[in-house]
Student: 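My structure is below; once you've seen it, I'll send some questions.
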Amino acid sequence: MPDSPGEAARFLTRNAVEALPEGDLEKQLQQGRPLRVKLGVDPTTPDIHLGHTVVLRKLREFQDLGHTVVLIVGDYTARVGDPSGRSSARPFADPDEIDRNAVTYQEQAFKVLDRDRTEVRRNGEWLDMAMEDLFRLARTSTVAQLLERDDFAKRYGEGRPITILELLYPLLQGYDSVAIRSDVELGGTDQKFNVLLARDIQQAYGVAPQSVLTMPILPGIDGEQKMSKSLGNYVGVDEPPEEVFGKLMRVPDTTMPTYYDLLMDEPIDPGLSARDQKRALARGLTARFHGDRAAADAEARFDRLHVDHGVPDDVEEHAFAAENGTVHMPALLADAFGLSRSEGRRLLAQAGVRLDGEPLDESAIDLPAERLDGAVLQVGRRRFKRLRSG
RNA sequence: GGGGGGAUGUCCGAGUGGUUAAAGGAGUCAGGCUGUAAACCUGAUGGCUAUGCCUACGCAGGUUCGAAUCCUGCUCCCCCCA
């Protein structure tokens, strides 16, 4: 544990992208009181993935140094839609869904955060304001200022639509900082503009401006784009252990150091092979969210599937119905794996379907029920169902 | 208010009367190789009661033997001028 403000600042900023203004965080720390460290989250999707945990872990570090995290659940801003990094306007989110998401989001966030040092607030508390108050807020910034933002500038330049509501978003986020008197705000680099603008807005309201710390954006398991649910390249903290483990094993080697840097407590072990380094990563992160035991089980299962090319022992059952003693395989595949029947036929034709480990082919459109009962139906490498006539 | 441009499959994007379920790319899925890495190779990629049938190129009509392509109306989006 660092024992001086200078050391603490160095520790906290070590894997951050930027700490702005230069040296400001150290000054904040010199006040010697617990700082109010803000993170705003719009509960547009219910699930936290590893990408979110990068910032959450940083917050946790602040907490471990005695500071207070103010987690703002953006129930109001979610209805506006953060335009950051977006190339087009977002759909309007449904209020009920936002509420539900907010609850699960908090639960998941506490897998990383210290509950006792976290203050949870909803920005609907103060953003549900009178028009007159909105006027005051709207006067704090200019269109030119807002258009400096990359994504706005790009969209404007390309002639894509930007709604007034979207322009308003950074102001609302900035007002959050005023409302909770934040000393520090964290965010991904994509939040840089918003969190900096908040400083101006705080000052316009006569409040001391916050320090800003931006964290790197975690790449997804494709190693290409940022981790995001909509891109399907994410690892959710609430996913089953075998999914967490398996997905992490698919991370490209070149992305692995970034994962270590942003997600792991221990540094990468140079003495290990790339494969084992990745296993350590997968094991460590699975254990963090599910415990050591579950992580070990997940690894064992992984080996069975992908090293031994075997069948896992906890295969889910699928009841099937036979007609005149035969089963229409495209229909069975569709039911069991959520495919269309046409997809089922294609998989059969491409030897993508196995029955007890033996590939089937396009001649297996209809199979006798007795051949299927009790057998394991497999699609690709990792989708299994144990068949049971029902 | 005036003028111009546009809407195609998961996404991007060709196609301006017929061999178009619709080029190409991306993504995804499957097979091979492997460390379920990357790279690479192969194939598939609207649905179905499947050698055929149905649905699809913003929406609704129309012309035609035949339309994503032509005409009319409508909806939505963008740009320029004011």
Student: If we call it a pair only when both distances are under 3.5 Å in a Watson-Crick or G-U wobble match, what pairs with C70(B)?
Tutor: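 Partner of C70(B): G62(B).
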
Student: What integer number of Å spans the P atoms of A38(B) and A26(B)?
Tutor: 16 Å

Student: Taking the same atom, P, in C71(B) and in G5(B), what whole-Å distance lies between them?
Tutor: 13 Å

Student: Regarding Q173(A) and Q191(A), do their side chains bring together a donor and an acceptor under 3.5 Å, going by distance alone?
Tutor: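 Judged by distance alone, the side chains do pair up.
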
Student: Round to the nearest Å and state the distance from E362(A) atom CD to G43(B) atom P.
Tutor: 16 Å

Student: Counting only Watson-Crick or G-U wobble pairs whose two distances fall under 3.5 Å, which nucleotide matches U16(B)?
Tutor: none

Student: Select base, sugar-phosphate, or nothing to describe what G223(A) touches, counting heavy atoms under 4.0 Å on all strands.
Tutor: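 Contact class for G223(A): none.
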
Student: Between R382(A) and A30(B), is there a side-chain N or O to OP1/OP2 distance below 4.0 Å?
Tutor: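 For A30(B), OP1/OP2 do not have a side-chain N/O of R382(A) under 4.0 Å.
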
Student: Which part of the nucleic acid does A349(A) contact within heavy-atom distance under 4.0 Å: base, sugar-phosphate only, or nothing?
Tutor: nothing

Student: In terms of the angle between their ring planes, are Y205(A) and Y175(A) parallel, tilted or perpendicular, with boundaries placed at 30° and 60°?
Tutor: perpendicular

Student: Round to a whole Å and report the spacing from CD of Q225(A) to C1' of C11(B).
Tutor: 11 Å

Student: Could you check whether D297(A) pairs with R301(A) (Lys NZ or Arg NE/NH1/NH2 to Asp/Glu carboxylate O, under 4.0 Å)?
Tutor: no

Student: Tell me whether the guanidinium CZ or amine NZ of K247(A) lies under 6.0 angstrom from the six-membered ring centre of Y234(A) and within 45° of its axis.
Tutor: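 Geometry flag: set, cation within 6.0 Å and 45°.
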
Student: Would you kindly give the CZ-to-P distance between R250(A) and A39(B), to the nearest whole Å?
Tutor: 14 Å

Student: Treating primed atoms plus P, OP1 and OP2 as sugar-phosphate and everything else as base, which nucleotides of nucleotides 45-52 of chain B get B, S or - for protein heavy atoms under 4.0 Å?
Tutor: S-SBSB--

Student: Taking the same atom, C1', in G6(B) and in G58(B), what whole-Å distance lies between them?
Tutor: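 It works out to 11 Å between them.
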
Student: Is any NZ, NE, NH1 or NH2 atom of the basic residue among R275(A) and D253(A) found under 4.0 Å from an Asp or Glu carboxylate oxygen of the other?
Tutor: no

Student: Does a side-chain N-to-carboxylate-O contact under 4.0 Å join R341(A) and E343(A)?
Tutor: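 The answer is no: the pair does not qualify as a salt bridge.
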
Student: Salt-bridged, R345(A) to E362(A), with N to O below 4.0 Å?
Tutor: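 No, R345(A) and E362(A) are not salt-bridged.
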
Student: Taking donor-acceptor contacts at under 3.5 Å, does the side chain of Q350(A) reach the base of G43(B)?
Tutor: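 Yes, the side chain and the base share a sub-3.5 Å donor-acceptor pair.
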
Student: Scan V353(A) against the nucleic acid and name what it touches under 4.0 Å (heavy atoms): base, sugar-phosphate only, or nothing.
Tutor: nothing

Student: Roughly how many Å is it from CG in L347(A) to C1' in G43(B), rounded to a whole number?
Tutor: 12 Å

Student: Among D128(A), D176(A), D42(A), find the residue that satisfies the side chain to side chain donor-acceptor pair (under 3.5 Å) test when tested with N123(A).
Tutor: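 Running side chain to side chain donor-acceptor pair (under 3.5 Å) over D128(A), D176(A), D42(A) with N123(A) returns exactly one hit, D176(A).
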
Student: So which nucleotide does G9(B) pair with, by the Watson-Crick or G-U wobble rule with both distances under 3.5 Å?
Tutor: none

Student: For P252(A) and for A351(A), find the nucleotide of RNA chain B with the closest heavy atom, then tell me which residue's nucleotide is more 5'.
Tutor: A351(A)

Student: Does the structure place the NZ or CZ of R14(A) under 6.0 Å from the centre of the six-membered ring of F11(A), at an angle of no more than 45° from the ring's axis?
Tutor: yes

Student: Using the P atom in both, what is the distance from C70(B) to G18(B), to the nearest Å?
Tutor: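 Pairwise P distance, C70(B) against G18(B), rounds to 11 Å.
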
Student: According to the Watson-Crick and G-U wobble definitions, with both distances under 3.5 Å, which nucleotide is paired to A50(B)?
Tutor: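 The base-pairing partner of A50(B), which may sit in any strand shown, does not exist here.
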
Student: Distance check needed: G35(B) P versus R381(A) CZ, whole Å only.
Tutor: 13 Å

Student: Just the rounded figure in Å: distance from P of A38(B) to CG of N233(A).
Tutor: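 Whole-Å distance recorded here is 13 Å.
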
Student: If you find the nucleotide of RNA chain B closest to V379(A) and the one closest to M256(A), which residue's nucleotide is nearer the 5' end?
Tutor: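 Result: V379(A).
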
Student: In whole Å, what separates the C1' atom of G4(B) from that of G47(B)?
Tutor: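 40 Å, rounded to whole Å.
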
Student: Rounding to the closest angstrom, what is the interatomic distance between A21(B) and C53(B) at atom C1'?
Tutor: 13 Å

Student: Between P on G35(B) and CG on L305(A), what's the gap in Å once rounded to a whole number?
Tutor: 16 Å

Student: Once you apply the 3.5 Å cut-off to both distances, tell me the Watson-Crick or G-U wobble partner of C40(B), or none.
Tutor: G32(B)

Student: OH of Y259(A) versus P of A38(B): gap in Å, rounded?
Tutor: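 Atom-to-atom, Y259(A) to A38(B), this comes out as 13 Å.
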
Student: In whole angstrom, give me the gap between the C1' atoms of A22(B) and G46(B).
Tutor: 12 Å

Student: Got a donor-acceptor pair under 3.5 Å from the side chain of D276(A) to the base of G35(B)?
Tutor: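 Absent.
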
Student: What's the gap between G62(B) and C57(B) when it is taken at their P atoms, as a whole Å value?
Tutor: 16 Å

